[in-house]
Structures are given as C-alpha cells and as structure tokens.
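Heads up, the thing below is written out as structure tokens.
Naming convention: chains lettered A, B, ... in sequence-line order (proteins, then strands); numbering from 1 in each chain.
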Amino acid sequence: MSLTTAPRGTYDLMPNEALAWQWMEMIIREVFISYGYGEIRTPIFEHTELFLRGIGETTDIVEKEMYTFIDKGGRSISLRPEGTAPVVRAYIEHKLHGQGGTTKLFYLGPMFRQERPQAGRFRQFHQFGVELLGEEAPLADAEVILLAHDLYQKLGLTELEIYLNSVGCQHCRQKYKEALISCLWDSSAELCSTCQLRLERNPLRLLDCKNASCQKITSQLPSIHDYLCQACQDHFSQVIGFLDQVKVKYEITPRLVRGLDYYSRTVFEVVNTELGAQNAICGGGRYDGLVEECGGPAVPGVGFASGMERLFTTLEQRNKLPIFSRAPQIYIISLSDQFALIAFELTASLRRNGFKVELGFSSKSLKTQLKSANKSGAQLALIIGEDEWKDHQVTVKNMSDGSQTRVEWQELIEQISELITPQGVINE
RNA sequence: GUGGGCGUAGCUCAGCUGGUUAGAGCGCCAGGUUGUGGCCCUGGAGGUCGAGGGUUCGAAUCCCUUCGUUCACCCCA
C-alpha cells in the first residue's frame with residue numbers, strides 16, 4: 001500500500017501520450033461511424049450476475065479475475081471485465097430488437113480484470129469493440145472482420161495477421177470435444193499438467209498449448225473442420241468468400257479457439273507477432289446464443305473487441321503515431337510585475353483571436369524567461385519591459401532566427417497575424 | 001495464484017571478489033552578458049542506495065524477510 005504509486009496494473013496517461021490516445025480514439029470513432037455503428041456508453045459496473053451468465057461461470061474471467069463487491073444495498077456488483085455482455089444487456093433493456101432489422105453498436109472505454117500484470121496486460125485496460133446484433137447471415141461476420149481490417153489499415157497498420165476459424169455450433173463443437181477426449185485419453189499422461197486439466201474442463205484449449213511436447217501430440221489430432229455440420233461449413237465458406245472478394249488477407253487456423261464460452265461458428269483474432277506473449281490486439285466472433293442466455297429473445301450476434309494498450313504499443317513500435325506538439329505559438333514575457341496587467345490583457349486578446357499563447361507567471365530576468373520561451377517551443381516571444389511600456393509597444397522576437405521588431409499594442413493582433421496563423425503555421 | 005529478472009540523483013545507468021566524504025551523462029538552478037534563448041565554459045543544488053532485520057571492525061555490495069516493478073505461466077484485449 002503506497003500513497004505515491006498507482007495501484008498495481010494501472011497507470012497514468014500523461015499529457016503527451018493522452019494526445020496520441022485522443023488521435024487513436026478519433027480515428028476509431030470515425031471508422032465505426034462510417035460503417036454505420038452508433039456509440040453506446042454503458043456503466044463501468046454491472047450486476048455481477050450479468051457476467052456470470054454472459055461470459056460463463058467457469059471461465060477464468062469470472063472465476064478469478066473480476067473486481068466484485070457488495071454495495072450498500074446488498075447487491076453484488078462487478079467492474080466490467082469486457083464490453084459485450086453490458087452491450088447485450090442494454091440491447092435487451094432498451095428492446096432494440098423490437099425495432100426490427102439489425103443493430104450496430106460500438107463502445108470504447110476502460111475494462112477491469114484482476115490478473116498479474118505483464119507486457120500488454122493491465123488491471124485497468126481499455127477496449128473498443130463493435131456488436132452487430134440481429135443478423136445471422138455470413139455477410140455480417142465478413143463485415144465485422146472487414147471493419148477491423150479497415151480500421152487497422154486506417155491507423156497505418158498494414159502488416160497485421162488475421163487468424164480465422166470456425167468453432168461450429170453447439171452440436172458440432174460437442175462432437176469435436178468428445179473426439180478430442182477419446183483421441184487423447186490413452187496418451188493423457190504425456191501431456192503437461194495444465195493440459196491434463198484442460199482435457200477435463202475445456203478440451204479445445206489443448207489446441208493452443210505452448211508446450212512443445214503437447215504440440216507434438218496435439219498436432220496429430222483431427223481438425224475441427226472435419227466435425228462441422230453442413231450448415232456450419234456453408235456459413236464458414238461464405239464468410240471466406242466475402243473476405244476474398246474484398247481482398248482481406250487471413251490465415252485459416254483450425255487450432256484457433258477462443259476462450260470465452262459464448263462464441264459459435266466464426267472466430268477470429270488480429271495479431272501483432274512482435275508484441276510478446278500477449279500479442280492479440282483484437283479478438284472476436286459470432287455469439288448466437290448470448291442474447292438469449294442473458295434473458296433476451298433468440299437474437300444472433302457477431303462482434304469483436306480490441307485492446308487499446310496493445311494497439312498503442314503496436315503503433316509506437318511501427319512508428320505510426322503522428323508527432324503531436326503542445327508548444328505554444330507565442331510566449332509572453334513581462335520584465336516587471338508592474339507590466340503584468342498589460343501582459344495578461346495581451347495574452348487574453350491573442351488567445352481570443354485563436355492563438356496558442358503561454359504567459360510567464362513570474363517576472364524573472366529576461367534571460368531566464370527567454371530560456372523558458374525557448375524550451376516551450378514557441379515561435380514568437382513577446383517582450384514587455386520598461387522601454388516598451390513607455391511607448392505602448394511590445395518587442396516581437398522571432399525565436400528561430402532571433403530577429404525582433406517593436407509593435408504598437410493596438411496593432412499587435414494584426415501584426416502577429418501576418419507572421420503566424422492561428423493554426424501555428426508560419427506565413428513565409 | 002505460480003516462477004524468473006530488476007530496485008542507487010528528476011531520467012538513463014556505473015559502482016569489480018564488502019574497505020575513506022556513493023559517481024557519470026542528461027535534466028534542473030546560478031554565473032560568464034546593465035534587457036536577449038539555443039552552442040560553449042564554470043560552479044551549485046539534489047541520494048534514508050525500495051523498506052525492515054541479520055552477518056561483520058566495516059554493507060549500496062553478503063544472507064533473510066517484505067514491498068514495488070518487470071517478464072513469463074494460467075488466461076485474455
């Protein structure tokens with residue numbers, strides 16, 4: 001417990017980084033809106049029950065990672081560990097299914113999971129995502145994947161890999177699970193200890209074990225594609241057909257199984273392989289049973305969630321972040337407290353005319369204040385001292401070449417406007 | 001929850017097998033310029049060596065505990 005450090009797994013976003021985040025958020029919103037999605041802002045916390053039902057009681061997320069507490073009304077409340085269940089809850093609560101047709105929603109905000117932090121993993125982290133509800137056609141799956149693809153493209157990330165798979169419907173998945181169990185029963189002793197547990201709890205997870213000896217064994221296993229029913233096969237091949245048509249490159253990975261219980265048929269991930277152990281920046285798929293599971297009508301859905309910290313790291317790593325400057329255009333220097341009033345007034349007037357102005361707060365020596373002006377990155381320094389004061393003028397100094405002129409207070413805005421524009425571009 | 005690495009100045013780090021007042025670079029402050037920044041020069045401030053305990057004549061250095069951090073496992077964005 002320390003007063004002077006942020007809680008484990010959390011961090012402060014400092015001003016320069018916050019600019020980059022704002023830029024990311026802007027692009028994300030633009031792309032989502034252009035695809036016809038509307039933003040929804042659900043509460044940061046929900047009734048715990050929602051996540052138990054929505055995510056699955058036996059998933060790690062709800063078993064050991066949720067921030068859960070009892071509020072003063074005796075209700076069990078949890079900070080949201082993911083965004084889909086709350087959106088589905090809101091969809092049901094506002095009876096959006098009653099409006100007919102499909103519903104396209106996106107969200108963006110903090111999520112909370114109590115895990116040990118590591119590269120690309122935080123306890124408070126940020127996700128954005130989309131949910132397309134009320135449509136079971138393969139075209140919906142393809143559109144959601146295309147959306148993710150185009151979004152990363154728009155952010156300048158062209159070299160990401162898309163992994164694609166189908167985990168089938170309840171029926172084919174069940175048959176496949178049984179097949180895995182019977183194939184592995186005899187050799188189970190050769191599996192790593194966690195895989196032995198997986199064999200009992202969730203055999204699909206065996207497929208992406210990182211242990212080399214497990215991989216050797218599981219590489220002999222049949223593919224889930226051999227167990228897909230005709231309808232699931234058709235669905236998958238149509239999704240692929242649409243993606244091919246719009247030249248979205250993907251890799252079919254029969255071993256890709258996603259951890260959350262609610263997925264059915266299409267699942268996909270967008271991966272940055274240079275990211276470390278936690279390299280998925282986006283995960284999603286179809287969840288046809290979820291709305292009903294959460295107490296709504298039997299409405300199909302498909303969507304994805306993307307981790308903003310991992311996305312940010314990727315953008316940084318690949319030099320795709322624009323350079324942001326917080327530098328003022330003009331730095332105002334007053335050489336004595338007796339000129340503070342006029343300096344303050346000139347600052348206000350310049351700001352009201354759209355210039356980005358910084359005012360030195362104390363009247364130190366000119367040298368010191370010019371150093372501050374220099375450090376601030378301002379293009380112009382305005383100096384008000386004894387001489388200027390007497391003549392109702394200011395000295396305007398160009399910080400890049402050191403040249404300076406005297407300007408009447410009355411003409412300042414006009415003169416400055418000839419040197420720089422309110423956007424901060426020098427008029428040459 | 002489990003395992004490994006790392007905690008020395010605001011930042012990045014050095015400090016060899018224990019041995020005087022714990023160092024460097026960058027940054028910060030002041031001066032070299034009576035009212036002129038960047039470059040250069042000179043000087044200065046700034047450290048309970050993460051914390052607690054132990055071994056020792058002597059600990060930043062060795063041992064134990066603890067906290068923090070980081071990477072990995074589990075799992076996930």
Side-chain angles (χ1 to χ4, degrees), chain A residues 1-11 55-56 58-66 80-84 107-129 148 192-195 197-198 201-202 205 208-211 257-260 263 268-272 275-284 303-314 331 333-336 339 360 363-389 395-404:
Chain A
M1 167 89 87
S2 172
L3 283 176
T4 53
T5 49
R8 154 164 279 209
T10 68
Y11 62 94
I55 303 172
T58 59
T59 57
D60 275 30
I61 291 181
V62 313
E63 265 189 352
K64 51 182 204 189
E65 294 171 4
M66 283 210 297
R80 62 182 186 193
E82 57 105 56
T84 298
Y107 60 87
L108 186 158
M111 308 292 166
F112 305 84
R113 292 181 200 173
Q114 189 160 181
E115 304 177 85
R116 275 287 268 276
Q118 72 184 78
R121 169 181 292 160
F122 303 88
R123 290 185 168 186
Q124 174 175 335
F125 61 104
H126 297 77
Q127 285 187 335
F128 58 86
C192 71
S193 56
T194 51
C195 273
L197 229 71
R198 284 165 171 150
R201 296 198 52 185
N202 190 352
R205 296 229 61 90
D208 56 12
C209 183
K210 290 165 188 167
N211 185 307
V257 293
R258 298 194 43 73
L260 279 52
Y263 286 114
F268 71 100
E269 269 181 13
V270 182
V271 167
N272 170 5
L275 216 47
Q278 260 54 51
N279 61 11
I281 66 174
C282 176
F304 69 74
S306 181
M308 294 187 68
E309 282 79 4
R310 292 179 192 178
L311 175 59
F312 183 78
T313 306
T314 302
Y331 192 99
I333 293 170
S334 122
L335 291 182
S336 155
F339 316 130
S363 309
K364 298 177 191 162
S365 73
L366 175 59
K367 179 184 174 130
T368 302
Q369 294 198 72
L370 272 172
K371 270 189 186 173
S372 302
N374 187 54
K375 212 163 45 179
S376 78
Q379 299 162 40
L380 302 176
L382 265 49
I383 303 164
I384 305 164
E386 191 66 37
D387 301 343
E388 289 86 349
W389 167 259
T395 293
V396 177
K397 182 181 178 76
N398 182 326
M399 293 301 285
S400 53
D401 63 15
S403 65
Q404 54 189 55

Q: Quick one, give me the B/S/- string for nucleotides 36-42 of chain B, reading 5' to 3', where B means a protein heavy atom under 4.0 Å from the base and S means that only happens at the primed atoms, P, OP1 or OP2.
A: BBB----
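When the ring-ring contact (aromatic ring centres under 6.0 Å, His included) test is applied to Phe122(A), the partners found at least two apart in sequence or on another chain are Tyr11(A). Evaluation of the salt bridge (Lys or Arg N to Asp or Glu O under 4.0 Å) rule for Lys364(A) yields no partner, not counting sequence neighbours. With sequence neighbours excluded, the residues that form a side chain to side chain contact (heavy atoms under 4.5 Å, CB included) with Pro117(A) are Arg8(A), Arg123(A). Scored by the salt bridge (Lys or Arg N to Asp or Glu O under 4.0 Å) test, Glu386(A) finds no partners at all (sequence neighbours excluded). Partners of Thr313(A) by side chain to side chain contact (heavy atoms under 4.5 Å, CB included), not counting sequence neighbours, listed by chain and number: Leu275(A). In this structure Phe112(A) satisfies the ring-ring contact (aromatic ring centres under 6.0 Å, His included) test with no other residue, sequence neighbours excluded. For Glu115(A), the salt bridge (Lys or Arg N to Asp or Glu O under 4.0 Å) partners two or more places apart in sequence, or in a different chain, are Arg121(A).
Across Arg310(A), Glu309(A), Gln118(A), a single residue satisfies side chain to side chain donor-acceptor pair (under 3.5 Å) together with Gln278(A), and that is Gln118(A).
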Q | Dot-bracket encoding of pairs in RNA chain B, which uses [ ] for pseudoknotted crossings and | for another strand, Watson-Crick or G-U under 3.5 angstrom | A | (((((((..((((.....[...)))).(((((.......))))).....(((((..]....))))))))))))....
Interface polar pairs with nucleotides 70-74 of chain B, N/O, under 3.5 angstrom:
residue	atom	partner	partner atom	Å
C71(B)	OP2	Ala119(A)	N	3.0
A72(B)	OP1	Ala277(A)	N	3.1
A72(B)	OP2	Gln118(A)	NE2	3.1
A72(B)	OP2	Ala119(A)	N	3.4
C73(B)	OP1	Lys210(A)	NZ	2.9
C74(B)	N4	Arg121(A)	NH1	2.1
C74(B)	N4	Arg121(A)	NH2	2.9

Listing time: all N or O pairs from protein to nucleotides 44-47 of chain B that are below 3.5 Å?
none

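Contacts between residues 107-114 of chain A and RNA chain B, defined by a heavy-atom separation below 4.0 Å, involve Arg113(A), listed by number.
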